[in-house]
Amino acid sequence: MTRSLHCDVCVVGAGAGGAVLAAELAEGGARVVLLEQGPYHDADRFSARVPEMLADLYRDAGQTITLGNPPIVMPLGSGLGGTTLVNSGTCFRTPDSVLATWREQFDLQIDERELDRCFARVEEAISVGEVDARLAGRNAAVARRGAERLGWSHGYLRRNAKGCVGSGVCAFGCPTSAKQHTGITYVPRAREAGAEVITGATVQRIALRGGRFSHVEATTADGGGALEVHAEHVVLAAGTVHTPGLLAGSGLGLSCGQLGRNLSVHPATAVFALMDERVDMGHGVPQSFYVDEFADEGIMFEGIAGPPSYAAMSLPLSGERHAQAMERYPYLAQFGLMVSDSSRGSVHTLAGATAGRLPGVAGRALSRIGKAPIGQAPLIRYDLDDADLTRFRTGLRRLQELFEAAGAREVYLPLPEGVAPERAGRGDLRLMAFHPLGTARAHARAGEGVVDGDLALHGVEGVHVADGSVVPSSLGVNPQLTIMALATRLAFHLLGADVPGAGSGSGAGAGSGSEHVVEIHCPS
Amino acid sequence: MHPEGVRSALESFVAASPGPQRAGLRVLLAIGRRPRGAALLSRMPALAQVARSLLAMERYDQPALASALGFDAEQTAGRGRALRHAEGRP
């Protein structure tokens with residue numbers, strides 16, 4: 001039996017984009033249904049134990065892996081809050097240089113005053129503030145000392161945290177609920193304002209009627225059966241890796257040839273150092289400090305740290321050397337290197353590949369496979385290009401310099417023994433990838449992008465996208481604030497209202513002058 | 001906190017892995033736990049690295065060992081839980 005729901009807007013995904021939209025729309029008077037594939041996570045079950053939390057809080061236990069040279073692990077959160085549940089909480093506004101690139105290369109005319117109001121609104125909602133130096137931890141103190149001695153630009157990061165006590169396990173479920181992820185900020189607001197929030201809902205298809213959105217078809221967990229959500233609008237916010245499959249599986253967004261392409265990530269690695277002083281990296285805010293001296297070169301250093309099990313997993317040593325270094329765990333420091341990539345990857349699904357592409361029996365058979373879970377699992381292709389490889393070589397050497405300047409006794413680079421950074425090949429690097437963006441990129445022209453500047457799907461009425469997939473270029477900084485601000489902007493555009501804040505109502509808001517304004521006719 | 005029938009947190013982790021990786025990880029860990037298996041894996045550096053990383057994560061997740069190194073997961077989670085309840089947080 002199929003259960004039917006009717007609303008103004010159906011939002012798919014409760015991460016950085018979807019949760020924000022659901023709350024803003026519901027508070028603006030729209031009837032909202034928010035569908036989330038993952039579960040609600042009870043913070044009482046957060047154990048601060050790494051393997052257990054990886055299994056519970058991450059999609060595929062954190063083992064989403066790219067295919068390419070080198071293969072890269074790309075951890076993604078699962079559940080209410082999405083990846084905001086498991087990220088480090090670092091908040092940066094979109095750099096001005098990036099906004100300029102969007103204007104010049106993608107013809108996106110984003111009103112910066114309006115975007116500023118969106119940022120301010122989000123920052124207030126999730127309590128963004130600079131890390132208190134007392135909570136930053138001694139791991140940050142080591143990096144700070146190195147940066148000061150070298151004269152490198154640095155500072156404490158801004159994070160979305162309230163009442164943080166430095167538990168040191170941001171990425172494994174904050175036991176204090178200090179990190180203000182969207183699952184405990186925007187989702188409750190959405191509920192409070194009347195939105196229906198359904199977890200365990202896997203969206204199968206976005207259905208159209210007469211060239212415009214009609215309804216969402218989903219299945220629900222625990223025997224809930226099939227679900228149809230009929231609405232005026234659907235906003236997809238399933239994330240950069242999964243939104244392309246949803247669109248392609250519904251036969252949408254394919255005509256421009258850009259869907260699933262242009263994948264940008266922040267490939268990252270980390271360096272350990274053995275210090276003379278006690279560091280206790282498992283205590284304090286793991287990502288509290290940054291060094292941006294080389295940001296213009298696409299190289300950013302940010303703090304990273306964790307409990308012994310986390311350190312043991314990532315320490316680039318083996319055998320007796322690993323055991324000896326782990327005996328000195330309290331004296332180990334670690335810092336991360338993140339690259340603003342020029343490489344571009346792609347996301348594919350069998351579901352997308354078969355959507356209406358092949359006729360006859362073969363097409364029907366492939367279509368069935370495409371609708372099965374394995375056919376919907378995204379395959380991520382990503383190869384590191386020469387420029388990014390050079391950035392890693394340079395970045396690793398500089399991170400070594402940072403630790404040496406801080407007084408490190410030994411520095412452990414994430415490279416095979418005997419390989420110097422300058423000679424490292426792709427296969428020598430141990431990388432993770434964070435912040436995937438761009439697979440349904442925004443571009444003003446229909447032939448160049450999947451969505452337009454208002455995040456509306458080109459050529460179809462009633463379908464929008466509001467997650468990292470619309471962000472058309474690498475940011476060079478953590479993207480959650482950008483995604484949330486763009487979602488806020490879209491919510492007010494859909495409501496036909498100005499984003500509140502200083503300077504609003506000046507004609508710069510959503511409603512004025514945009515050809516894509518869609519006012520939701522909220523019931524009085 | 002582990003699902004019934006699951007022996008350890010590492011097994012929960014493997015059980016939550018995507019299907020194609022799950023079987024491979026089980027085989028890899030079974031080999032990596034044996035001294036001769038570890039020697040065999042050393043000929044395949046990428047696989048050896050995965051096995052070593054996971055086994056290291058399991059080993060240092062043991063409360064007694066982690067605690068000796070200055071990190072008490074139970075205490076960390078308990079303190080957070082108490083603060084959260086006291087302040088009425090979600």
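Residue numbers start from 1 in every chain, and the chains themselves are labelled A, B, ... in the order their sequence lines are given, proteins ahead of strands.
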For chain A, which of B:E74, B:Q49, B:Q62 has the most heavy-atom pairs under 4.5 Å?
B:Q49
Do you know which of B:A66, B:P63, B:S17, B:A82 has the most heavy-atom pairs with chain A at a distance under 4.5 angstrom?
B:S17
Between A:E36 (side chain) and A:A14 (backbone), is there a donor-acceptor pair under 3.5 Å?
yes
Is [X] close to chain A through its backbone or its side chain, or both, or neither, when contacts mean heavy atoms under 4.5 Å?
X: B:L83; result: side chain
X: B:E87; result: neither
X: B:R79; result: side chain
X: B:L25; result: side chain

Where does [X] contact chain B at under 4.5 Å (heavy atoms): side chain, backbone, both or neither?
X: A:A311; result: neither
X: A:I65; result: side chain
X: A:R430; result: side chain

More than 12 heavy atoms of other groups within 6.0 Å of A:R278 CZ:
yes
Could you list the donor-acceptor pairs under 3.5 angstrom formed between side-chain atoms of residues 160-175 of chain A and any protein atom two or more places apart in sequence or on another chain?
| unit_1 | atom_1 | unit_2 | atom_2 | d |
| --- | --- | --- | --- | --- |
| A:N160 | OD1 | A:Q480 | NE2 | 3.3 |
| A:N160 | ND2 | A:Q180 | O | 3.1 |

Between chain B and each of A:P51, A:A55, A:A48, count heavy-atom pairs under 4.5 Å; write down the option with the most.
A:P51
Do you know which of A:D280, A:L54, A:V50 has the most heavy-atom pairs with chain B at a distance under 4.5 angstrom?
A:L54
Using a strict 4.0 Å threshold on nitrogen-to-oxygen distance, state whether [X] and [Y] make a salt bridge.
X: A:D44; Y: B:R84; answer: yes
X: B:E58; Y: B:R33; answer: yes
X: A:D383; Y: A:R381; answer: yes

Can you check side-chain hydrogen bond (donor to acceptor under 3.5 Å, both in side chains) on B:S12 and A:E52, steps first, answer last?
CA-CA 7 Å; B:S12 305; A:E52 187 174 76; 5.9 Å; no
Under 3.5 Å, side-chain donor or acceptor atoms of residues 318-333 of chain A against the rest of the protein: list the pairs with distances, not counting sequence neighbours.
| unit_1 | atom_1 | unit_2 | atom_2 | d |
| --- | --- | --- | --- | --- |
| A:H322 | NE2 | A:A312 | O | 2.8 |
| A:Y329 | OH | A:G282 | N | 3.2 |
| A:Y329 | OH | A:G306 | O | 2.8 |

